[in-house]
Novice: 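Structure below; questions to follow.
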Amino acid sequence: GLLDVDSGKVMLDNKDITKFNNKMLCNYRNNMIGYIFQDYYLIDYMSVMDNIRLGQTIYNNDNRIEDVLKKLGIYEKRKVKISKLSGGEKQRVAIARAIINNPDIVLADEPTGAMDTDNGIKIMKILKEISRDKLVIVVSHDKDLANKYADRIINIIDGKVEYYHQIDNREFRE
């Protein structure tokens with residue numbers, strides 16, 4: 001829904017979103033899809049709470065924000081400006097903003113790309129937990145993390161699907 005379609009259809013919930021007008025498409029994206037961007041797209045001079053409020057479609061629901069921040073382990077940072085946070089903390093704020101409206105789908109673009117190994121694992125565990133209730137799609141070049149946390153892997157090389165791999169990841173579920 002962020003790019004125009006050249007051909008074909010994009011079906012979500014039995015709806016052809018390529019037929020949506022701009023207002024319908026914006027409404028669908030705002031309420032049904034949470035985006036986690038590789039570069040966070042947070043506003044540095046604003047607090048954690050204010051950055052998440054920007055993404056809320058339900059006006060000023062601070063209780064919901066606080067619940068999400070507690071779940072992500074950054075509640076104590078809620079009044080801190082983004083410029084004072086570590087990369088892992090910024091990514092968790094980006095995740096909070098993406099899930100604040102309780103979307104059905106979460107799209108994550110290289111969510112661990114700018115992190116050290118420990119923070120990358122924390123982020124993947126959070127996304128795995130979210131995936132218990134939501135569809136979470138992660139784009140990543142980190143094959144080790146993908147193999148450990150994914151339920152399915154679709155490998156795309158030069159725009160073509162090379163293989164589709166179903167994973168039985170019982171170890172994480174246990």
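Remember, predicted model here, so these are calculated numbers, not experimental data.
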Novice: Which heavy atom of Leu12 sits nearest to which heavy atom of Tyr28, and what is that distance?
Specialist: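 Result for this residue pair: CB-OH, 3.2 Å.
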Novice: Is any side-chain heavy atom of Ile74 closer than 4.5 Å to one of Leu85?
Specialist: no
Novice: What's the separation between atom CD1 in Ile130 and atom CD1 in Ile99, rounded to the nearest 0.5 Å?
Specialist: 4.0 Å
Novice: Please state whether the rings of Tyr41 and Phe37 are parallel, tilted or perpendicular, taking 30° and 60° as the class boundaries.
Specialist: perpendicular
Novice: Tell me whether Asp67 is salt-bridged to Arg64, with the criterion being a basic N under 4.0 Å from an acidic carboxylate O.
Specialist: no
Novice: Indicate yes or no: at least one non-hydrogen side-chain atom of Leu42 is less than 4.5 angstrom from one of Arg97.
Specialist: yes
Novice: Side chains of Lys84 and Val48: closer than 4.5 Å at any heavy-atom pair?
Specialist: no
Novice: Check whether any side-chain heavy atom of Met46 sits under 4.5 Å from a side-chain heavy atom of Ile82, and report yes or no.
Specialist: no
Novice: Which heavy atom of Gln38 sits nearest to which heavy atom of Glu110, and what is that distance?
Specialist: CD-CB, 3.5 Å
Novice: If you look at every heavy atom in Met124 and Tyr149, which pair is closest and at what distance?
Specialist: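 Closest approach of Met124 to Tyr149: CB-CD1, 3.6 Å.
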Novice: Taking Tyr75's backbone N and O only, do any of them form a donor-acceptor pair with Glu66's side chain (distance below 3.5 Å, no angle check)?
Specialist: no
Novice: Can you name the nearest heavy-atom pair linking Glu89 to Ser86, along with the distance?
Specialist: OE1-N, 2.8 Å
Novice: Heavy-atom count check: over 12 atoms from other residues, nucleotides or ligands less than 6.0 Å from Lys70 NZ?
Specialist: yes
Novice: Calculate, to the nearest 0.5 Å, the distance between atoms CD1 and CG belonging to Ile33 and Leu135 respectively.
Specialist: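 Reported value, rounded in 0.5 Å steps: 9.5 Å.
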Novice: Could you tell me which residues satisfy ring-ring contact (aromatic ring centres under 6.0 Å, His included) with Tyr40, sequence neighbours excluded, listed by chain and number?
Specialist: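 For Tyr40, no residue satisfies ring-ring contact (aromatic ring centres under 6.0 Å, His included) once neighbours in sequence are set aside.
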Novice: Applying a strict under-4.5 Å side-chain criterion to I, L, V, M, F, W and Y, I'd like to know whether Ile36 and Leu2 cluster together.
Specialist: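 No, separate clusters.
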Novice: Does Lys9 offer a backbone N or O that forms a donor-acceptor pair with the side chain of Asp16 under 3.5 Å?
Specialist: no
Novice: Could you check whether any side-chain N or O of Arg78 sits under 3.5 Å from a backbone N or O of Leu69, counting only pairs where one atom can act as donor and the other as acceptor?
Specialist: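 Here the side-chain-to-backbone pair does not exist.
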Novice: Does any part of the side chain of Pro111, heavy atoms only, come nearer than 4.5 Å to the side chain of Leu127, both counted from C-beta?
Specialist: yes
Novice: Got a sec: does the NZ of Lys81 have more than 12 other heavy atoms crowding it under 6.0 Å?
Specialist: no
Novice: For a 4.5 angstrom cut-off between non-hydrogen side-chain atoms, does Lys125 reach Glu129?
Specialist: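 The answer is no, as the side chains (C-beta and beyond) never meet within the 4.5 Å cut-off.
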Novice: Residues two or more places apart in sequence or in another chain: which of them pass side chain to side chain contact (heavy atoms under 4.5 Å, CB included) with Val5?
Specialist: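 With neighbours one apart ignored, the set is Val10, Thr18.
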Novice: Just by modelled atom types, is the Asp144 backbone N or O under 3.5 Å from a matching donor or acceptor in the Asp142 side chain?
Specialist: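 Checking the backbone N and O of Asp144 against the side chain of Asp142, a donor-acceptor pair under 3.5 Å is found.
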Novice: Between Asn51 (side chain only) and Ile43 (backbone N and O only), is there a donor and an acceptor less than 3.5 Å apart?
Specialist: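 Checking the backbone N and O of Ile43 against the side chain of Asn51, a donor-acceptor pair under 3.5 Å is found.
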Novice: Distance check, rounded to the nearest 0.5 Å: Asn21 atom CG versus Cys26 atom SG?
Specialist: 9.0 Å
Novice: Say you draw a straight line from CZ of Arg92 to CD1 of Ile126; how long is it, rounded to the nearest 0.5 Å?
Specialist: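 That separation rounds to 5.5 Å.
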Novice: Rounded to the nearest 0.5 Å, what separates atom NZ in Lys15 from atom CE in Met32?
Specialist: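 Spacing of NZ (Lys15) from CE (Met32) equals 6.0 Å.
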Novice: Give a yes or no on whether the backbone of Gly55 and the side-chain of Asn101 come within a donor-acceptor separation of less than 3.5 Å.
Specialist: yes
Novice: Considering non-hydrogen atoms only, spot the tightest contact between Gly88 and Ile123 and give its length.
Specialist: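 The pair with the smallest heavy-atom distance is O-CD1, 4.2 Å.
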Novice: Over all heavy atoms of both residues, which pair between Pro103 and Lys134 is shortest? Give the atoms and the distance, please.
Specialist: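 The answer is O-CD, 2.9 Å.
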Novice: For Asp116 and Asp118, indicate whether the former's side chain and the latter's backbone hold a donor-acceptor pair under 3.5 Å.
Specialist: yes
Novice: Testing Val68, Asn61, Val93, Asp62 one by one against Ile52 for a side chain to side chain contact (heavy atoms under 4.5 Å, CB included), which residue passes?
Specialist: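 Among the candidates, only Val93 passes.
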